Trainee: 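Before anything else, here's the structure in question.
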Amino acid sequence: MNLFKTIFTAFALLVAASDLHSATDPRPNILWIVVEDASCHIGPYGETAIDTPNIDALAAQGVTFDSAFVTAPVCSASRSAMITGMYQSTLGVHNHRSQMDSGKGEGSPPYHESYHLPIKMLPELFKDAGYHTSLNSGISPKGKSGKTDYNFLWHRFAYDSAHWMDCPDDKPFFAQFQLKGGKNRGDDSGSVDPEKMILPPYYPNHPQLKKDWAQYLNSWLKVDRELGEAMKQLEDWGRLENTAIFFITDHGVSHLRGKQFLYDEGIRVPLIVRLPKGSSAGTRRDDIVSQIDVSAASLGLAGIEIPRHIQGSNILAQDYQPREVMFTSRDRCDETVEILRSVRVPRFKYIRNFLSYLPHAQPNQYKDGKIITKTMRKLNDGGKLNELQARIFNPTRPKEELYDLKSDPNETVNLAEDSNYQKVLNSLRESLYAQMERSRDVGLIPEPILEDLGKRYGSKYEVLRRPENKTMVRDLIAIIEEGESNNIAALRKGLIDENPAVRYWAATWLGVRKNAEASQALVKATSDSIPAVRLAAALALSRMGQPEKGEDVILETIIDDNWLAGLYAIRALEWSGIRTPAALAAVTKAKDSPYEFTRRIAKRLSSKN
């Protein structure tokens, strides 16, 4: 009897303690307000063309970060990084609209299982810690679930509801408001005068571009109103003083040199943090921070142990050591294959163009459909752009770019070839390469090959964690550099390397260099066991004036079971210029491809014939 009484008493005390904890849970609420497609053109960052009183008030009540950046200048890669606290290039979620089982980024079904991550994303960590999680499209309590755009498969139960108001009174919440921001360019409720717009020097002073910039600033006015309403909701429900608010954008403004590129217009973002009870109100910080640091800081504020795999740092911790550098990357965006990397320190920015043999402004349905791009292309075709403005349309680009951000904040004067800056250049280059190796950056692995490796190892995240692949990053950098330096002997050796990714880059650069002596070796490579290598060899032969030797390889690979190989095939067809009857028939068939981005190129090619 005494034993039963003792157990009952202990249980009653445990329940009472649990109820007391729930009713008085001291942990703060965490609210992310994430704005799409917008740079730092608001009051706290010096913008004078518009008034943003609610954003200004948030800054007065919080901490304004002057040097905040995203790890990728496009939504899906940036959001995938922020929701996991990891570099997208480490996780293998770096390619825009990838690893989905439906929609635009839907991959081939046999690969779907490898699209799941072996780590938990933030809402799952918050749920495990007893938080209510929500994701809202806007701020309305009746709103729908908000934008995710994650480049991986995830469980819908990660979010409890669409709005934090559904959170029980006895629980803290981790909530997100996803605002359209710069995508609201069609909203004419603002009052910005296009004639008063002063554009960056790399854009022409053209009425259409000034109108677009005015509409972009108008979109900030709507965001400001939404923020005011969001703050009122918290205040009316008595939640404001115990809520940490992170106000940030997913990347920079959607413009030709902004979104999708690594100039500051694409990667520098506003970040304002309002802490509970007005802590640190009205302060500014100029240390370099990243959006994945927001992930770590959010966990830290909630008292949740930050998992070891998270690569962000808690920027609000007392023992925080400021970042010395910021690493960013841009990879495939929709149908457009790209590989850019950059490292930024307070004074300098270094950009590495791994596809230097192609233009910055490659064909892209999304960007080419915008009136600002159409306008600039037309002006460029008519010779009405100056050298700086036309630079993005050049047929090739430098392999390296270096900018002195102190004297050249608009990043217009490339110092990479300046002898006075070679020490800086070499230092930043090596810093980047070391980071790519340290963070296990999978971006240099051609995507069709990476797709197969991800399937083999369970996920793309696991590929470079395997001992047999530990030197792959440096190996791929090395073969690309051999191509850039025109070391034909090294490229021909690379063409028979045991690593198919090395063989791919060797074949690619032999084609870029148009080395006739390698023709026979490239013909042999069109029979390689790996589709991506066969395609690289076929495209190389086309570049050397021998398209007939690789045409069949390209056409048959368009319908490969690995849909990324199919994308690379029709992309090779586009760049090769092959327009035989058989090629045109393959293009017509590809317009019905199961893969969205293969269809896009097929439609573009069809429109030209």
Side-chain angles (χ1 to χ4, degrees), residues 30-32 34 68-101 105 112-129 131 133-135 145-159 174-176 178 246 248-251 267 269 271 289-302 304-315 323 326-331 435-436 438-443 450 454 457-465:
I30 309 294
L31 173 61
W32 289 2
V34 183
F69 301 89
V70 290
T71 56
V74 69
C75 49
S76 69
S78 175
R79 290 166 179 272
S80 296
M82 189 170 181
I83 206 64
T84 59
M86 298 184 67
Y87 289 104
Q88 66 281 352
S89 50
T90 297
L91 278 176
V93 298
H94 51 301
N95 290 305
H96 180 48
R97 300 274 162 72
S98 62
Q99 298 202 126
M100 300 177 189
D101 58 5
H112 287 181
E113 187 59 34
S114 68
Y115 297 168
H116 293 278
L117 297 183
I119 55 97
K120 290 184 176 181
M121 58 181 187
L122 255 69
E124 293 173 304
L125 296 173
F126 273 97
K127 282 196 72 169
D128 289 348
Y131 270 69
T133 59
S134 66
L135 175 69
S145 182
K147 182 173 181 175
T148 54
D149 220 7
Y150 308 147
N151 289 328
F152 53 85
L153 297 184
W154 55 284
H155 299 294
R156 300 291 165 176
F157 58 71
Y159 294 105
F174 168 61
Q176 298 174 54
Q178 300 291 339
F246 292 83
I248 192 171
T249 68
D250 61 355
H251 52 72
I267 62 171
V269 295
L271 172 60
V289 300
S290 165
Q291 99 274 28
I292 61 175
D293 296 333
V294 169
S295 313
S298 297
L299 293 171
L301 282 172
I304 301 172
E305 183 178 358
I306 300 173
R308 291 183 62 185
H309 67 259
I310 285 186
Q311 294 165 306
S313 299
N314 184 356
I315 52 177
R323 286 177 178 269
M326 178 69 202
F327 299 100
T328 58
S329 63
R330 180 260 164 106
D331 295 274
Q435 167 66 9
M436 292 176 68
R438 181 172 57 248
S439 67
R440 302 188 182 95
D441 184 338
V442 297
L450 183 61
Y457 293 121
S459 76
K460 295 177 176 66
Y461 174 56
E462 294 293 338
V463 173
L464 293 182
R465 294 171 63 84

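These values consider heavy atoms only, across backbone and side chains, with no hydrogens, waters or symmetry-generated copies. Numbering starts at 1 and runs along the sequence shown. Nothing here was measured: the structure is a model prediction, and the numbers come from that model.
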Trainee: Is a donor from one side chain sitting under 3.5 angstrom from an acceptor on the other, for Ser439 and Gln311?
Mentor: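 Ser439 vs Gln311: no donor-acceptor pair found between side chains.
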
Trainee: Is any side-chain heavy atom of Pro307 closer than 4.5 Å to a side-chain heavy atom of Lys120?
Mentor: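 No. Closest side-chain heavy atoms not under 4.5 Å.
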
Trainee: To the nearest 0.5 angstrom, please state how far the OH atom of Tyr115 sits from the NZ atom of Lys460.
Mentor: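 Between Tyr115 OH and Lys460 NZ, I get 5.5 Å after rounding to 0.5 Å.
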
Trainee: Heavy-atom count around Lys127 NZ within 6.0 Å, excluding the residue itself: above 12?
Mentor: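 For Lys127, atom NZ is crowded (more than 12 foreign heavy atoms under 6.0 Å).
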
Trainee: Has the side chain of Ser80 got a donor or acceptor atom that lies under 3.5 Å from a matching backbone atom of Gln88?
Mentor: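 Here the side-chain-to-backbone pair does not exist.
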
Trainee: Between Ser295 and Met82 (side chain of the first, backbone of the second, donor and acceptor by atom type, cut-off under 3.5 Å), is there such a pair?
Mentor: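 Answer holds: yes.
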
Trainee: Evaluate Ile310 against Leu299 for side chain to side chain contact (heavy atoms under 4.5 Å, CB included), listing each step before the verdict.
Mentor: CA-CA 11 Å; Ile310 285 186; Leu299 293 171; 3.5 Å; yes

Trainee: Any idea how Phe174 and Phe126 line up, ring-wise: parallel (<30°), tilted (30 to 60°), or perpendicular (>60°)?
Mentor: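 It falls in the parallel class, under 30°.
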
Trainee: Work out which heavy atom in Leu125 is nearest to a heavy atom in Ile304; give both atom names and the distance.
Mentor: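 Nearest pair, atom of Leu125 first, then Ile304: O-CD1, 4.1 Å.
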
Trainee: How long is the straight-line distance from CD1 of Ile248 back to CH2 of Trp32, given to the nearest 0.5 Å?
Mentor: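 Going from CH2 on Trp32 over to CD1 on Ile248, the span is 8.5 Å.
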
Trainee: Which heavy-atom pair separates Pro73 from Ile267 by the least distance, and what is that distance?
Mentor: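 Looks like CB-CG2, 4.0 Å.
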
Trainee: Between Ser290 and Thr71, what is the shortest heavy-atom contact and its length?
Mentor: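 Answer, listing the atom of Ser290 first, then Thr71: OG-CG2, 3.5 Å.
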
Trainee: Run the numbers on Tyr461 and Thr84 for side chain to side chain contact (heavy atoms under 4.5 Å, CB included), then give the verdict.
Mentor: CA-CA 13 Å; Tyr461 174 56; Thr84 59; over 6 Å; no

Trainee: Counting N and O atoms only, with roles assigned by atom type, does the side chain of Gln291 sit under 3.5 Å from a partner on the main chain of Ala81, one being a donor and the other an acceptor?
Mentor: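 Answer holds: no.
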
Trainee: To the closest 0.5 Å, what do you measure between CG (Asn95) and CG (Leu450)?
Mentor: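 Rounded to the nearest 0.5 Å, the CG-CG separation comes out at 7.5 Å.
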
Trainee: Backbone N or O of Ala158 within a donor-acceptor pair of the Thr133 side chain at under 3.5 Å?
Mentor: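 Checking the backbone N and O of Ala158 against the side chain of Thr133, a donor-acceptor pair under 3.5 Å is found.
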
Trainee: Working to the nearest 0.5 angstrom, can you tell me the gap between Ile119 CD1 and Arg308 CZ?
Mentor: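 It is 15.0 Å, given to the nearest 0.5 Å.
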
Trainee: Between Ser76 and Asn151, is any side-chain donor less than 3.5 angstrom from a side-chain acceptor?
Mentor: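 Checked: Ser76/Asn151 side chains pair up, N/O donor to acceptor below 3.5 Å.
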
Trainee: Is the closest side-chain heavy-atom distance between His251 and Arg330 below 4.5 Å?
Mentor: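 His251 vs Arg330: side chains apart.
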
Trainee: For Tyr159 and Ser145, run side chain to side chain contact (heavy atoms under 4.5 Å, CB included): C-alpha distance rounded to whole Å, both residues' side-chain angles, the deciding distance at 0.1 Å, then the answer.
Mentor: CA-CA 9 Å; Tyr159 294 105; Ser145 182; 5.7 Å; no

Trainee: Search all heavy atoms of His94 against all heavy atoms of Gly443 and return the closest pair with its distance.
Mentor: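 Closest approach of His94 to Gly443, heavy atoms only: NE2-CA, 3.8 Å.
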
Trainee: Is there a side-chain contact between Phe152 and Ile83 in this structure, where contact means two heavy atoms from C-beta onward sitting under 4.5 Å apart?
Mentor: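 Side chain of Phe152 against side chain of Ile83, heavy atoms only: contact under 4.5 Å found.
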
Trainee: How close do Ala77 and Ala72 get, heavy atom to heavy atom, and via which atoms?
Mentor: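 Scanning both residues completely, I find the closest heavy atoms to be CB-CB, 3.7 Å.
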
Trainee: How close do Val289 and Arg323 get, counting heavy atoms only, and between which atoms?
Mentor: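 In terms of heavy atoms, the two residues are closest at CA-CD, 4.3 Å.
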
Trainee: Ignoring hydrogens and angles, tell me if any N or O in the side chain of Asp293 forms a donor-acceptor pair with the backbone of Gly312 under 3.5 Å.
Mentor: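 Such a contact is absent between Asp293 side chain and Gly312 backbone.
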
Trainee: Which value, rounded to the nearest 0.5 Å, describes the distance between Thr148 atom OG1 and Met121 atom CE?
Mentor: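 Here the rounded value is 8.0 Å.
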
Trainee: Between Val294 and Ile30, does the side chain to side chain contact (heavy atoms under 4.5 Å, CB included) criterion hold? Intermediate values first, please.
Mentor: CA-CA 11 Å; Val294 169; Ile30 309 294; over 6 Å; no

Trainee: Would you call the rings of His155 and Phe157 parallel, tilted or perpendicular if under 30° counts as parallel and over 60° as perpendicular?
Mentor: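 Parallel.
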
Trainee: Are the side chains of Arg97 and Asp149 in contact, using a 4.5 Å heavy-atom criterion?
Mentor: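 Result yes, sub-4.5 Å side-chain heavy-atom pair found.
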
Trainee: To the nearest 0.5 Å, what is the distance between CE (Met326) and CZ (Phe69)?
Mentor: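 Rounded to the nearest 0.5 Å, the CE-CZ separation comes out at 7.5 Å.
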
